[in-house]
Structures are given as C-alpha cells and as structure tokens.
Chemist: 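The following block contains the structure, expressed as structure tokens.
In what follows, every heavy atom counts, from backbone to side chain, and hydrogens, waters and symmetry copies are set aside. These numbers were taken from a predicted model, which means no experiment stands behind them. Just so it is clear: chains get the letters A, B, ... in the order the sequence lines come, proteins before strands, and each one is counted from 1.
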Amino acid sequence: MSTLPENILVCLAWPYANGDLHVGHIAGCYLPADIFARFQRLRGNRVVVVSGSDSHGTPIVVRADKENKTPREVFEYFHERFLQTWQTLGISYDLYTHTDTESHHALAQQMFRRLQQNGYLYQAKQKQMYSPAQDKFLPDRLVEGTCPYCSYDKARGDQCDSCGKLLDGTQLINPRSRANPADKLEVRESEHFMFDLPKLKDRVMAYLGDKDERWRSTVTEFSRAYARDIEPRAFTRDLTWGIPIPVPDSEGKAIYVWWEAVLGYLTATVEWAQVDGKPEAWKDFWYGDGAQGAVKIYNFIGKDNILFHTVLWQSILIGMENLDAPWDAGAAEERTLNLPYDVPANQYLNFGGQKFSKSLGVSLEALDLATKYGADPLRFYLASIMPETKDADWNWTDFITYNNSVLLAKWGNLIQRTLSQIWKNFDQKIPQPGELTSADHALLERAEAAFESIGAKLDACHFRDALNEVIELTTEANVYLDREAPWKTIKNEELGGRARAGTQLFVAAKVIDALTVLWSPWTPNLCDAARKLLGHTQPLFGSLYVQHVDEATRGHNVLRYDASNAAGRWAPSHLQPGQPLGAEPKGLVAKIEATGE
RNA sequence: UGCGGGAUAGAGCAGUGGCAGCUCGUCAGGCUCAUAACCUGAAGGUCGUAGGUUCGAAUCCUACUCCCGCUACCA
C-alpha cells in the first residue's frame with residue numbers, strides 16, 4: 001500500500017459551452033469524478049479537482065451567428081449556466097474556469113512554441129473551401145453541396161446525411177456556403193502546422209504498455225490500436241474564434257481547439273495555484289512525486305474522448321518537456337511533466353425512446369432535474385445506472401423507483417425508524433449500551449470492515465460495485481432491526497427490557513453513523529443532514545462558491561471549493577453514548593410521486 | 001470499408017472455465033418502530049445466432065446478426 005497522503009489531481013472533461021448539460025454528461029463523467037474526489041478527500045489525501053468550459057470552436061461561432069451574438073456572449077452565458085449546474089449538483093471543483101482566460105491563452109501559446117522548439121510541429125499545405133465574400137476559410141460543416149456518391153444535393157462538407165459517407169468539403173459538387181448559398185466558394189490551399197505524432201509514438205506506446213492492471217480494457221485496447229498506426233494531425237485551423245498561434249504573419253490561424261482544451265488540465269491547475277495564493281503549488285501535481293508524497297492524475301471522460309486522453313494528450317505532455325517561462329521561469333534542469341495515472345472512461349447514458357418529457361413535463365437537462373428533485377436523488381440514480389462497461393438508459397420509472405424504494409425506503413427509513421425510537425424513548429440521546437451480543441458485534445464489525453472493502457473499490461474506480469456494497473450494509477442494518485425488534489424488547493422484561501433496547505438502538509445508531517460516511521460520496525447532502533440529526537455539528541464536506549478573477553483586459557468567474565469546515569473522515573464511527581440528537585427526525589428523503597399522466 | 005466496446009430473468013445490471021447471481025418489479029407470507037416504509041420466501045433465464053475447443057463454456061476460438069463509439073473543426 002502506498003503511504004498517505006497522496007497528491008491526487010482529478011481532471012474532468014471540459015464541457016463545450018454551446019448548450020446545457022444533460023444527465024448523460026453527468027453520469028458519464030462529472031458524477032463519477034466527484035464521487036471519487038469526495039472519497040479521496042475523506043481519506044485525507046490532498047485532492048485538487050479542475051476543469052472549465054471549453055469556449056472555442058466552430059459550433060459556438062455557428063450558434064452565435066444564428067442568434068446574432070458574439071461567440072463570447074454565447075459561451076459566457078453557458079459558462080454561467082454550468083457554474084449553477086455544478087453548485088446545484090454538488091460537483092466539487094477546486095477550480096472550474098474556462099479557456100478564454102488570458103493565462104490560458106498565454107500558456108497555450110507557450111505550448112505551441114515549446115512543441116515547435118522541441119521539433120514536433122511542421123508545416124504542410126491542406127486544401128480547404130474558401131469564401132471570397134467572407135474572405136475566410138469555411139469549416140467543412142458549414143459547406144453544403146451535392147454528394148459525389150449518392151447525388152443528394154444537401155450533403156454537408158463533413159458528411160452526407162443521405163448515404164452516410166464521410167466527406168471532405170473539397171469533394172462536393174457545386175459547393176456553397178450554408179449560411180449564404182449565393183456565395184461562390186473556391187478551393188484554396190491553406191498552410192497549417194501539423195503535430196508530428198509518429199515521432200512520439202514509441203514513448204506513448206511504452207506509457208500504454210503497463211496499464212493493464214488498472215485501466216479498463218475498453219480503454220487500453222482502443223488506445224493501443226490507435227497509437228500503433230498513429231499519423232500526424234493538424235495543430236492549427238483557420239478560425240478567428242480561438243487562440244492565435246504565436247507565429248508572425250499568421251492572421252486567422254488558431255490552435256485547433258482540441259489541443260488547447262486538453263491543455264486546460266494543466267493551465268487550470270496553474271490558475272488554481274495562483275487563485276489559492278500558492279503560485280508554485282501546481283508543480284506538486286505535475287512534476288515528479290510532489291512535495292507531499294506520490295502524485296496520481298486521473299482523467300474522467302466519456303468514451304468519445306478516449307483517444308484524446310490516452311494518446312494525444314500524452315503526446316503533448318511528453319512533447320512539451322523542458323517547459324520554460326512563463327510556466328516555470330526558474331527551472332534550470334530538464335523536466336518532464338507527469339502523465340495521467342488512470343483514465344476511467346465511461347460509456348454513454350442514452351434516453352432511448354422514453355417519453356420522459358411528456359409524462360412528467362420536464363426535460364433531461366441536469367440543472368432542471370437537480371433543481372426539481374434535489375441533487376441526491378439524481379446523483380443516486382445516475383450512480384446506480386452509471387455506464388461503466390456499456391451504454392445505459394435513462395428511465396423515468398426507474399428514477400422514481402430507485403429514489404423511493406432504495407434511497408427512501410432502505411436508507412432514509414433506516415435513519416427514521418432508529419432515531420425516532422431514540423428520540424421518543426431514550427431522552428433524545430444516543431443510549432448507553434450494555435453488554436454486546438454476538439449479533440451486535442457481527443454488525444458493528446461489518447460496518448467497520450466496510451471502510452476497507454468499499455474504500456478499495458472506490459480507489460479502483462469501481463463505483464457501482466462500491467455502491468452495491470453500501471446498499472448491502474444498509475439492508476443488513478434493517479435486517480438487524482427486524483430481528484432484534486427494539487420496539488418489542490422495550491416492552492418485555494424477559495427480552496431485556498429498556499436496557500437491552502437501548503443497546504440495540506445504540507448499535508443501530510452507530511452503524512448509521514458509519515453509513516453516513518460510507519454513503520456520502522454519492523449523497524453528500526442527505527448524509528450531512530443525517531449527521532446533524534445524530535448530533536454532529538461539523539459537516540463532512542466543504543462548500544462551493546463563485547469567485548471573480550480579474551486579469552489585465554478582462555475578468556471571469558470561477559467556481560472554487562472551500563474546505564475549511566470539512567470534518568469528514570473515511571473511518572469507522574466514533575459515536576458516543578449520551579450524545580444528544582440534533583433535532584426530531586422526520587422525512588430526510590422526499591418521496592417522488594409519479595404524476596401518472 | 002477499417003479499429004474498439006456491448007448483447008445474461010419483465011426492466012436495469014454483475015459474473016473471463018466448475019451446480020446462473022444482484023437490485024427493482026410481480027406473487028405469497030411475517031412485522032407494526034418507520035414517509036403503507038422494513039424483513040422472509042416463491043415464480044421468472046435454452047446467458048444475441050450458428051458452429052468449434054474442453055471432462056466441463058455466459059466465460060476460450062471461428063463465422064454471423066443487431067446496438068454504441070472512434071475514423072469529423074459535432075470535443
């Protein structure tokens with residue numbers, strides 16, 4: 001076993017700021033990452049969670065044109081929506097920023113220069129569609145024309161919707177601009193920078209070579225197959241809405257959004273360190289083993305992102321070695337950046353054919369659902385069906401059922417039935433236990449052992465497996481109550497009377513106390529509420545807040561995590577007899593009624 | 001067309017060579033502390049199709065079918 005604390009950097013995929021987040025995004029990436037981060041914080045590790053909104057790229061420009069707005073207005077709107085979504089769902093970022101900050105721009109250009117200096121960028125000409133009217137190159141998506149294969153006359157430059165063939169904009173017959181069909185397009189050559197990935201292939205393959213034990217096979221197989229036959233990829237695009245490349249006389253050339261978006265993991269860590277008042281702290285995660293012990297970098301993503309996070313991002317990190325100012329002005333010696341330790345990629349959550357929105361009158365937008373039903377029911381259901389090995393489906397009936405029959409009926413009810421007896425019959429205080437029976441010991445030992453076994457599963461990113469064990473222990477506590485029946489014991493001196501009932505309820509309360517920690521990565525709000533009832537005064541976790549960061553020419557809002565009050569520990573219960581309950585227990589979990597229309 | 005993943009009880013899923021499991025739902029029973037919540041038991045599957053390897057296959061091999069992702073400036 002490694003020694004604690006470890007430096008754990010949790011990187012979440014950067015959501016594209018051109019539309020709201022739906023439950024599929026949450027289940028695939030953000031929720032598992034948050035469960036993991038909360039668990040690691042409870043364990044006492046030094047955890048930093050970073051991500052941000054991806055603000056560049058064509059779709060944002062398209063949407064902006066359509067709505068008569070600037071790209072910046074579009075992405076800033078969705079960035080604010082994302083900040084709300086994270087706060088409502090409790091996705092606990094140490095820093096959630098975006099890619100249009102001055103510092104990200106500067107560091108992305110530094111990445112470009114460093115890759116160039118290290119010999120990994122070269123120039124090549126590419127044919128692309130050019131609009132004389134707009135005086136710019138058009139993205140293939142925005143070009144329309146007749147498909148050379150099936151003659152469909154509204155084929156897009158990237159793909160024909162009729163026959164499904166993948167196309168190149170220059171292949172279209174009678175190409176025209178989708179925005180302005182009168183515009184006569186020409187094929188022109190454009191000079192671009194290419195990332196010489198084959199040069200880095202051996203080092204990437206070596207990196208992928210020893211990942212079998214930890215990584216999911218869906219991730220390793222796919223990545224190796226791709227890396228084996230890797231080819232150069234374009235590093236620049238003809239786009240004004242992006243980060244300009246640091247090359248003289250290259251107007252209109254931007255860094256292809258993918259490369260600078262993944263770089264965000266690094267630049268956001270740098271920004272986190274600055275905002276946190278410890279500008280050098282990012283090095284503890286990106287260089288060597290860090291000042292305070294081993295470093296592990298995790299990248300949580302969806303399956304569509306695998307190659308970018310297992311091959312291409314690694315190529316950048318390796319290719320950027322020996323970074324200099326402004327990253328690391330004082331570094332004299334050669335330095336290499338740390339590569340991801342694990343890339344737990346999930347499959348997709350789909351909505352296959354469900355008539356969800358009609359029956360309940362809501363969409364599957366994550367912010368709406370969390371606002372309407374609360375974060376915990378949504379987190380719990382999504383975690384229950386989390387697509388770890390294959391695609392899953394959102395189902396309204398199941399959502400309601402999972403909430404009502406597991407979260408409420410098993411877990412909420414366990415708290416309610418136990419604490420209400422203590423409240424009524426034991427002076428609102430945790431009872432003093434007498435001698436423990438073998439059944440008492442068995443359950444208490446089980447609750448203690450759960451920290452080790454569930455912890456191991458969480459540490460290995462086996463979230464569903466871990467959750468099942470938490471539910472199992474919750475059921476065992478319910479079984480214990482049913483067998484022991486303190487409500488009978490207290491009325492029957494032959495069974496031990498009030499003293500024995502007090503012991504039974506003490507055992508149950510102690511297991512509940514442990515369960516509030518074991519459940520907390522999934523349902524943090526419910527668990528903190530339960531702990532208040534038990535009489536605890538400090539919360540398990542810290543809280544999220546928005547902070548405004550000013551730079552030279554513009555400012556931006558970031559989400560941060562304040563851990564100063566967090567008192568949770570991933571450790572067995574220390575609940576003491578005599579501790580007064582915090583309040584009269586009543587309905588911690590709300591029942592969700594099916595509208596039945 | 002290539003590369004990768006998936007197909008197991010009504011639904012959602014676990015199970016990588018040794019009697020087919022879990023949660024929910026259904027049916028029956030118990031309990032009455034608890035938000036009609038809790039607990040026990042039962043019914044329900046020829047493990048996508050067809051072959052093969054093996055004493056033995058959901059699990060390994062071959063072919064096929066369907067679904068998903070990548071091969072796109074949709075991150």
Chemist: Suppose we define a pair by two distances each less than 3.5 Å, Watson-Crick or G-U wobble; what does B/U54 pair with here?
Modeler: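 Its partner: none found.
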Chemist: Find the partner of B/C64: check Watson-Crick (N1-N3 plus N6-O4 or O6-N4) and G-U wobble (N1-O2, O6-N3) distances, both under 3.5 Å, and reply none if neither fits.
Modeler: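 By the stated definition (distances under 3.5 Å), B/G48 pairs with B/C64.
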Chemist: Which one is paired to B/U32, where only Watson-Crick or G-U wobble pairs with both distances under 3.5 angstrom count?
Modeler: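 Its partner is none (no Watson-Crick or G-U wobble pair with both distances under 3.5 Å).
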Chemist: Can you find a side chain N or O atom of A/Lys410 that sits less than 4.0 Å from OP1 or OP2 on B/C24?
Modeler: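 Result: yes.
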Chemist: Can you name the salt bridge (Lys or Arg N to Asp or Glu O under 4.0 Å) partners of A/Arg72, sequence neighbours left out?
Modeler: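 By the salt bridge (Lys or Arg N to Asp or Glu O under 4.0 Å) rule, A/Arg72 matches A/Asp100.
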Chemist: Can you tell which of B/C33, B/C70, B/A37 lies closest to the side chain of A/Ala409?
Modeler: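 Ranking B/C33, B/C70, B/A37 by closest atom to the A/Ala409 side chain puts B/A37 first.
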Chemist: Mind checking what makes ring-ring contact (aromatic ring centres under 6.0 Å, His included) contact with A/Phe300, not counting sequence neighbours?
Modeler: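 A/Phe300 satisfies ring-ring contact (aromatic ring centres under 6.0 Å, His included) with A/Phe36 only.
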Chemist: Find the partner of B/C3: check Watson-Crick (N1-N3 plus N6-O4 or O6-N4) and G-U wobble (N1-O2, O6-N3) distances, both under 3.5 Å, and reply none if neither fits.
Modeler: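 B/C3 is paired, partner B/G69.
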Chemist: Could you say whether A/Ala590 or A/Asp398 is positioned toward the 5' end of RNA chain B, judged by the nucleotide with the nearest heavy atom to each?
Modeler: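 The answer here is A/Asp398.
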Chemist: Can you tell me how far P in B/U1 sits from the matching atom in B/A58, rounded to whole Å?
Modeler: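 After rounding to an integer number of Å, I get 31 Å for this pair.
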Chemist: Does A/Asn18 reach a base, just sugar-phosphate, or nothing at all? Heavy atoms under 4.0 Å.
Modeler: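 Sugar-phosphate contact only - A/Asn18 comes under 4.0 Å of backbone atoms but never of a base.
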Chemist: Distance under 6.0 Å and angle within 45° of the ring axis: does A/Arg63 meet both against A/Phe75?
Modeler: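 No, cation not above the ring by the 6.0 Å, 45° rule.
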Chemist: Among B/C13, B/C70, B/C33, which nucleotide has an atom closest to any side-chain atom of A/Phe222?
Modeler: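 For A/Phe222, the side-chain atoms sit closest to B/C70.
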Chemist: Taking any strand in view, what nucleotide pairs with B/C27 in a Watson-Crick or G-U wobble way, both distances under 3.5 Å?
Modeler: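 Across any shown strand, B/C27 pairs with B/G41.
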Chemist: Using the P atoms only, state how far B/A11 lies from B/C70, rounded to an integer number of Å.
Modeler: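 Looking at atom P only, B/C70 and B/A11 are 28 Å apart.
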Chemist: Output the distance between atom CH2 (A/Trp313) and atom CH2 (A/Trp258), rounded to the nearest 0.5 Å.
Modeler: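 With rounding to 0.5 Å, CH2 (A/Trp313) is 12.5 Å from CH2 (A/Trp258).
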Chemist: Using a heavy-atom distance cut-off of less than 4.0 Å, which residues of residues 307-314 of chain A contact RNA chain B?
Modeler: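 A/Leu307, A/His309 - these, ordered by number, are the residues of the stretch whose heavy atoms sit under 4.0 Å from the strand.
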Chemist: B/A34, OP1 or OP2 - any side-chain N/O from A/Trp423 closer than 4.0 Å?
Modeler: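 Checking B/A34 against A/Trp423, no side-chain N or O comes under 4.0 Å of OP1 or OP2.
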Chemist: Walk me through whether A/Trp519 and A/Phe380 qualify under ring pair (Phe, Tyr, Trp, His ring centres under 6.0 Å).
Modeler: CA-CA 10 Å; A/Trp519 269 97; A/Phe380 172 66; 5.7 Å; yes
Chemist: State whether A/Lys424 places a side-chain N or O below 4.0 Å from either non-bridging phosphate oxygen (OP1 or OP2) of B/A34.
Modeler: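 Affirmative; the distance criterion is met.
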Chemist: Using a strict 4.0 Å threshold on nitrogen-to-oxygen distance, state whether A/Arg417 and A/Asp482 make a salt bridge.
Modeler: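 Answer for the salt bridge query: yes.
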Chemist: Report the residues that fulfil salt bridge (Lys or Arg N to Asp or Glu O under 4.0 Å) with A/Glu493, sequence neighbours left out, ordered by chain and then residue number.
Modeler: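 Residues passing salt bridge (Lys or Arg N to Asp or Glu O under 4.0 Å) with A/Glu493: none at all.
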Chemist: Just to be sure I understand the rule, does A/Leu588 reach a base, reach only the sugar-phosphate, or reach nothing, if contact means heavy atoms closer than 4.0 Å?
Modeler: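 Base, at least one base atom sits under 4.0 Å.
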Chemist: Counting just side-chain N and O atoms, does A/Arg417 come under 4.0 Å of either OP1 or OP2 of B/A37?
Modeler: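 False: A/Arg417 side-chain N/O out of range (4.0 Å or more) of B/A37 OP1/OP2.
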Chemist: Under 3.5 Å, is there a donor-acceptor pair linking the side chains of A/Thr401 and A/Asp398?
Modeler: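 Looking only at side-chain atoms, A/Asp398 and A/Thr401 do not form any donor-acceptor pair under 3.5 Å.
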Chemist: If I pick the C1' atom on B/A9 and the same atom on B/G44, what distance separates them, to the nearest angstrom?
Modeler: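 One C1' to the other, the span is 6 Å.
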Chemist: Could you encode protein contacts along nucleotides 25-31 of chain B as a string, one character per nucleotide from 5' to 3', using B for base contact, S for sugar-phosphate-only contact and - for no contact, with a heavy-atom cut-off of under 4.0 Å?
Modeler: -----BS
Chemist: Could you tell me how far B/A42 sits from B/C60 if I compare only their C1' atoms? Round to whole Å.
Modeler: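 It comes out at 36 Å once rounded to the nearest Å.
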Chemist: Determine the contact category for A/Asn478: base if any of its heavy atoms lies under 4.0 Å from a base atom, sugar-phosphate if only primed atoms, P, OP1 or OP2 are that close, otherwise nothing.
Modeler: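 Touches sugar-phosphate only.
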Chemist: When all nucleic acid strands are considered with a 4.0 Å heavy-atom cut-off, which category describes A/Thr397: base, sugar-phosphate, or nothing?
Modeler: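 Contact class for A/Thr397: none.
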Chemist: Using a heavy-atom cut-off of under 4.0 Å over every strand shown, decide if A/Val219 touches base, sugar-phosphate, or nothing.
Modeler: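 A/Val219: no heavy atom of the nucleic acid under 4.0 Å.
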Chemist: What interatomic distance, in whole Å, is found between P of B/U8 and the corresponding atom of B/G15?
Modeler: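 Nearest-Å result for B/G15 against B/U8 at atom P: 14 Å.
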Chemist: Walk me through whether A/Tyr30 and A/Trp86 qualify under ring pair (Phe, Tyr, Trp, His ring centres under 6.0 Å).
Modeler: CA-CA 9 Å; A/Tyr30 304 103; A/Trp86 306 137; 4.7 Å; yes
Chemist: Could you measure the distance from the CG atom of A/Asn425 to the CH2 atom of A/Trp487? Nearest 0.5 Å is fine.
Modeler: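 Going from CG on A/Asn425 over to CH2 on A/Trp487, the span is 12.5 Å.
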Chemist: Once salt bridge (Lys or Arg N to Asp or Glu O under 4.0 Å) is applied, do any residues pair with A/Asp513, and if so which ones, sequence neighbours excluded?
Modeler: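 If we apply the salt bridge (Lys or Arg N to Asp or Glu O under 4.0 Å) test to A/Asp513, skipping adjacent residues, the hits are A/Arg531.
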Chemist: Tell whether A/Asn413 reaches the base of B/A37 with its side chain through a donor-acceptor pair below 3.5 angstrom.
Modeler: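 Under the 3.5 Å cut-off, the side chain and the base do not form any donor-acceptor pair.
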